[in-house]
Amino acid sequence: MEAPQRNLALDLVRTTEAAALASGRWLGKGDKENGDQAAVEAMRVSFKALDIDGTVIIGEGEKDNAPMLYNGEKLGNGKGLKVDIAVDPVEGTNLLATGRPNAIAVVSAAPAGAMLDPGPSYYMKKLVVPAPAKGVVELDAPVMENLTKVAAALSKDVTDLVVFVLDKPRHQGLIREIRAAGARIQLHTDGDVAGALMAVNPDCEVDLMMGTGGTPEGVLAACAIKALGGEMLSRFDPQLETERTAVTEFGLDLKETLTVDDLVKGDDVYFAATGISGGTFIPGVRYTGTGAITHSMCMRGKTGTVRFIESRHNWDKLMSFSAVKYDS
């Protein structure tokens, strides 16, 4: 038996709250770069207060042409645990810019050396299912077969299922197969970390996620999937020949099917997310004039504990010392 240990996820929530509060001011203004920059700066400031010796393994990269918390950047005050960090200050910058639902601020952490460095891989094929369907699906199985097995595991008919799919041209064939099988679809323009979370959250209407999304987002989501007991099967899926060449030269296997244990080793993992633009998944930032209200979720993989946190921020007190001006 062990005494309760420090839950780093509760510290990480402060960084995602900071990113959400700062970027939420840019909701619907059509400027994803400044919205992302605000989140990056607020998150970077918040990390300085944490007793960790963190290294960014999954940061903001070339694909988004975004202001970066870059790969290899050191986070924390350097005095605590050595940890790998995966971060996306605004997952869904287009969602933020257009005022659409499900933009979130996200951070994952694991012991140093635990996270896979995907190098130049931008995209991977993913199949994400909740805990009851763990072990019953295969990445290369026909769509109908996987849907039938997931439905049986959830004690549903295939026609009851809701599948999260990114609304991209590359998924036209997949969408046709899902519809032919009789399942229902939620099409989302962006946000496959949120999609993975929806798929493994028993309180969400989404039952599984299928299709090709971001590789960094896959590593980031793996910590949450572990905590919730779900499963993600994945494989690197370059979308351009230049990416394919870079991935193979980096030494990654394009044929290997990866599990969450391949993406993040061990169960001592932590995850935090705060809603920015709101939606059915996590409510977004609500500014009250005198402050703001945020909603977050955080998880610890070792215990499987999931917390949903509502925070009320008071400008008069917070702005008297905060390095980030959330009230303007």
Would you compute the distance between atom [atom1] of [X] and atom [atom2] of [Y] and round it to the nearest 0.5 angstrom?
{"X": "L228", "Y": "C223", "atom1": "CG", "atom2": "SG", "value": "11.5 Å"}
{"X": "D117", "Y": "I58", "atom1": "CG", "atom2": "CD1", "value": "6.5 Å"}
{"X": "I293", "Y": "R286", "atom1": "CD1", "atom2": "CZ", "value": "3.5 Å"}
{"X": "T303", "Y": "D267", "atom1": "OG1", "atom2": "CG", "value": "10.0 Å"}
{"X": "D31", "Y": "Q37", "atom1": "CG", "atom2": "CD", "value": "10.5 Å"}
{"X": "D11", "Y": "Y270", "atom1": "CG", "atom2": "OH", "value": "10.0 Å"}

side-chain contact (heavy atoms from CB on, under 4.5 Å) for V247 and L254? Distances and angles first, verdict last.
CA-CA 8 Å; V247 169; L254 295 177; 3.6 Å; yes
Before giving the answer on side-chain contact (heavy atoms from CB on, under 4.5 Å), spell out for L96 and S23 the whole-Å C-alpha distance, their side-chain angles and the decisive distance to 0.1 Å.
CA-CA 8 Å; L96 172 65; S23 61; 4.0 Å; yes
Between [X] and [Y], is any pair of side-chain heavy atoms under 4.5 Å apart?
{"X": "Q186", "Y": "E205", "value": "yes"}
{"X": "V219", "Y": "I57", "value": "no"}
{"X": "K126", "Y": "L233", "value": "no"}
{"X": "R307", "Y": "T305", "value": "yes"}
{"X": "M297", "Y": "V306", "value": "yes"}
{"X": "L174", "Y": "V143", "value": "yes"}

Using a strict cut-off of less than 4.0 Å between a Lys/Arg side-chain nitrogen and an Asp/Glu carboxylate oxygen, indicate whether [X] and [Y] qualify as a salt bridge.
{"X": "R44", "Y": "E73", "result": "yes"}
{"X": "R312", "Y": "E310", "result": "yes"}
{"X": "D190", "Y": "R100", "result": "no"}
{"X": "D160", "Y": "R184", "result": "no"}

Are any side-chain N or O atoms of [X] and backbone N or O atoms of [Y], one a donor and one an acceptor, separated by less than 3.5 Å?
{"X": "E17", "Y": "S311", "answer": "no"}
{"X": "T16", "Y": "V13", "answer": "yes"}
{"X": "N77", "Y": "K48", "answer": "no"}
{"X": "K168", "Y": "G213", "answer": "no"}
{"X": "D268", "Y": "A110", "answer": "no"}
{"X": "S320", "Y": "K317", "answer": "yes"}
{"X": "D84", "Y": "A114", "answer": "yes"}
{"X": "S277", "Y": "N102", "answer": "yes"}
{"X": "E243", "Y": "Y123", "answer": "yes"}
{"X": "D192", "Y": "G214", "answer": "yes"}

What pair of heavy atoms forms the shortest contact from [X] to [Y], and how long is it?
{"X": "A222", "Y": "V264", "result": "CB-CG2, 4.0 Å"}
{"X": "D262", "Y": "T257", "result": "OD2-O, 4.0 Å"}
{"X": "A9", "Y": "M299", "result": "CB-O, 3.3 Å"}
{"X": "L95", "Y": "P101", "result": "CD1-O, 3.4 Å"}
{"X": "T93", "Y": "D36", "result": "CG2-CG, 3.9 Å"}
{"X": "A22", "Y": "A42", "result": "CB-CB, 3.7 Å"}

Mind checking whether [X] and [Y] sit in one hydrophobic cluster, side chains of I, L, V, M, F, W, Y counted as touching below 4.5 Å?
{"X": "L8", "Y": "L220", "value": "no"}
{"X": "V158", "Y": "V136", "value": "yes"}
{"X": "V90", "Y": "L69", "value": "no"}
{"X": "V150", "Y": "F164", "value": "no"}
{"X": "M319", "Y": "V285", "value": "yes"}

Would you indicate whether [X], at its atom [atom1], is surrounded by more than 12 heavy atoms from other residues, nucleotides or ligands within a distance under 6.0 Å?
{"X": "K156", "atom1": "NZ", "result": "yes"}
{"X": "R170", "atom1": "CZ", "result": "yes"}
{"X": "K82", "atom1": "NZ", "result": "no"}

Kindly determine whether L10 and I309 satisfy side-chain contact (heavy atoms from CB on, under 4.5 Å), including the steps that lead there.
CA-CA 10 Å; L10 294 171; I309 301 171; 4.3 Å; yes
Go through the steps to decide whether K125 and S234 satisfy the test side chain to side chain donor-acceptor pair (under 3.5 Å), and finish with yes or no.
CA-CA 5 Å; K125 181 179 180 181; S234 60; over 6 Å; no
So if I apply the side chain to side chain contact (heavy atoms under 4.5 Å, CB included) rule between P89 and each of V106, T15, V107, V40, which one comes out positive?
V40
Take M209 and V165 through the test side-chain contact (heavy atoms from CB on, under 4.5 Å) and record every step on the way to the result.
CA-CA 6 Å; M209 184 177 84; V165 180; over 6 Å; no
Centroid separation F308 to H295 less than 6.0 Å
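No: the rings miss the under 6.0 Å criterion.
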Check against salt bridge (charged side-chain N to carboxylate O under 4.0 Å, His left out), D140 and R235:
CA-CA 10 Å; D140 295 323; R235 182 182 300 125; 2.8 Å; yes
Stacked cation flag R25 on Y287, 6.0 angstrom / 45 deg:
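Cation-pi check for R25 and Y287: passes.
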Run the numbers on T212 and D237 for side chain to side chain donor-acceptor pair (under 3.5 Å), then give the verdict.
CA-CA 7 Å; T212 293; D237 188 17; 2.6 Å; yes
